**Student:** 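Take a look at the following structure, please.
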There are 2 protein chains.
Amino acid sequence: MDAATSPVKRRDTSKKREAILNGAIQAFAEMGYDQASMDAIAEIAGVSKRTVYNHFRTKENLFQGVIAKFLEEQQALKRIEYDPARALEDQLTAFAHAEMYLINSPSRLGLSRVLTSVFIRDIDYARRITAQYASPHEPFMQWLAAAREDNKLAIDNPPLAAKVFYAMIEGAITWPALFQHGIDTEAAKPLLDELIATFIERYRKEE
Amino acid sequence: MDAATSPVKRRDTSKKREAILNGAIQAFAEMGYDQASMDAIAEIAGVSKRTVYNHFRTKENLFQGVIAKFLEEQQALKRIEYDPARALEDQLTAFAHAEMYLINSPSRLGLSRVLTSVFIRDIDYARRITAQYASPHEPFMQWLAAAREDNKLAIDNPPLAAKVFYAMIEGAITWPALFQHGIDTEAAKPLLDELIATFIERYRKEE
DNA sequence: TGTTATTTACACTGTACAGTATAATTAACG
DNA sequence: CGTTAATTATACTGTACAGTGTAAATAACA
């Protein structure tokens, strides 16, 4: 199958593949999984339906390609570096804002909804897929560990504290954004500040 | 249309209607909205398909009947009375446990997933439906107000505090339960305790 | 018991869509 | 250029399912 070892002449098909993937992303995001027919996807991608099937055996297969792209991006975008020179509030606020803008970005919002609706219809399937990616809370747990190391936070159980923080962010921002047309970032700021204040009050190291 | 005012003889059809509704609830919960065909629903309900259509004009219509039943029950089950004789921790813990057992109950878990998947596919539809019911946070806001009145909590902005609490419960319990096969209630207790401690540390009134 | 509203069985229509078949066309690579 | 892998247009198959039509059966009520 490898171009270098195969005796068969193979051409570069990555361009079409990209086009199909992008068309599928757009179609899924705008119409949802079921409504996005393979005909519609092919048309949006500017490609014949047969070509779609030449690249992806089934619709489900194509969807997995879309998911992979989406989740890999997500993973790359959820970084947080601990900075000992910066106030904890500042860093947490920046991080929470990043989460809010990420979920709010229109292109991702649509796909997040589709992912949610597909995953909740088949949670075992969801497990199988998401198991292939690192836990999205990992970078934050690293941050917490660094802050503790730096004697700024008193945390007995970092995974537990990470769950508390993510519960707040997801419960207050992520899920509401999905069920509305995104979040009004200005209106959400007082809530975000309150969450961060609550978190810090709990775990701040007493001097 | 009213039996008392109509000149047409009308019989009691509520039994069949109940049977259809219960069959639909079971079918939707077990198979999801799309997979639950009207034929399947009729069979589970022990009723002919034509009778289903005699009671509900369309599948969507039937689904609304199911939703109505579900959301009304939900509303009734989300009560919390403030008790000045009981510690805040106790009351919040009991409340949070009630939420956890409610989402965990197998019959409701399936329907909650279906509701989620339908609502997230059409958030404007979701708005129209849920707008007909009281905000699910209302009872808790009353509780907060009573606790403040009783000088136990220092809360400037009760709706904001309510959002903080519900964000924690939903982010930590409700959503995870939906995407797993429910929540392991024992394993969740430390997290629940931590959330409540965090909430109380933020809003407890200093003596 | 007779009337008739309601229910049933069953055949049917129309539509939407995943996936396939195939012959013709295009364009990348040597 | 010529070869041929990749792509295209188009027509097609099979299936699933919402919703309808109808005549016969059933059962609630007067």
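Here the structure is a predicted model, which is why all the values come from computation and not from measurement. Protein chains get the first letters and strands the later ones, always in sequence-line order, with residue 1 at the start of each.
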**Student:** Whole angstrom is fine here: how far is it from CZ in B:R57 over to P in D:dT20?
**Tutor:**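 Going from B:R57 (CZ) to D:dT20 (P), I get 10 Å.
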
**Student:** When the ring centroid of A:F28 is compared with that of A:F63, is the distance short of 6.0 Å?
**Tutor:**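 Yes, ring centres under 6.0 Å apart.
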
**Student:** Check whether A:N22 reaches the backbone of A:E18 with its side chain - one donor and one acceptor, N or O, closer than 3.5 Å.
**Tutor:**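 Yes; judged by distance alone, with no hydrogens or angles, the pair exists.
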
**Student:** Parallel, tilted or perpendicular, judged at 30° and 60°: which one describes the rings of B:Y82 and B:W143?
**Tutor:** perpendicular

**Student:** Check whether any side-chain heavy atom of B:V164 sits under 4.5 Å from a side-chain heavy atom of B:R202, and report yes or no.
**Tutor:**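 No, every pair of side-chain atoms sits at 4.5 Å or beyond.
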
**Student:** Assess whether one donor atom and one acceptor atom, taken from the side chain of A:K49 and the base of C:dG19, lie less than 3.5 Å apart.
**Tutor:**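 Side chain to base: pair present.
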
**Student:** Look at the side chain of B:Y53 and decide which nucleotide, out of D:dT20, D:dA9, C:dT6, has an atom nearest to it.
**Tutor:**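 The listed nucleotide nearest to B:Y53's side chain is D:dT20.
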
**Student:** Nearest heavy atom decides the nucleotide; on that basis, is B:R17 or A:Q35 closer to the 5' end of DNA chain C?
**Tutor:** B:R17

**Student:** Could you tell me whether the side chain of A:R50 has a donor or acceptor atom within less than 3.5 Å of a complementary atom in the base of C:dA21?
**Tutor:** yes

**Student:** Within the 4.0 Å heavy-atom criterion, would you say B:T51 contacts the bases, only the backbone, or no part of the nucleic acid?
**Tutor:** base

**Student:** Applying the ring-ring contact (aromatic ring centres under 6.0 Å, His included) test to B:H137, which of B:F165, B:Y166, B:F95 qualifies?
**Tutor:**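 Result for ring-ring contact (aromatic ring centres under 6.0 Å, His included) with B:H137: B:Y166.
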
**Student:** Please state how far atom CG in A:N54 lies from atom C1' in D:dA5, giving the value in whole angstrom units.
**Tutor:**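 So the two atoms are 10 Å apart, to the nearest Å.
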
**Student:** Between P on C:dG19 and CZ on A:F56, what's the gap in Å once rounded to a whole number?
**Tutor:**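 These atoms are roughly 13 Å apart.
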
**Student:** Could you state the CD-P distance from B:E43 to D:dC17, rounded to the nearest angstrom?
**Tutor:**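 The answer, rounded to whole Å, is 13 Å.
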
**Student:** Can you tell me the distance, in whole Å, between the CG atom of B:N61 and the P atom of D:dA18?
**Tutor:** 14 Å

**Student:** Identify which nucleotide among C:dA9, C:dG19, D:dG19 has an atom closest to any side-chain atom of A:K59, counting heavy atoms from C-beta outward.
**Tutor:** C:dG19

**Student:** Could you tell me whether the phosphate oxygens of D:dA28, OP1 or OP2, come under 4.0 Å of any side-chain nitrogen or oxygen in B:K15?
**Tutor:** no

**Student:** If you compare every side-chain N and O of B:K16 against the phosphate oxygens of D:dA27 (OP1, OP2), does one of them come in below 4.0 Å?
**Tutor:**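 Indeed not, no polar side-chain atom of B:K16 lies that close.
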
**Student:** Please report the distance, rounded to the nearest Å, between CG in B:L62 and C1' in D:dG19.
**Tutor:**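 It works out to 13 Å between those atoms.
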
**Student:** In whole Å, I'd like the distance from the CE atom of B:M31 to the P atom of D:dA18.
**Tutor:**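 Rounding to the nearest Å, CE of B:M31 and P of D:dA18 are 10 Å apart.
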
**Student:** Which is more 5' along DNA chain D, the nucleotide nearest B:D39 or the one nearest A:G46? Just name the residue.
**Tutor:** A:G46

**Student:** Using a cut-off of less than 4.0 Å, is there contact between a side-chain N or O of B:H55 and OP1 or OP2 of C:dT6?
**Tutor:**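 No, no such contact exists.
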
**Student:** Can you tell me how far C1' of C:dT15 sits from CG of B:D34, to the nearest Å?
**Tutor:** 15 Å

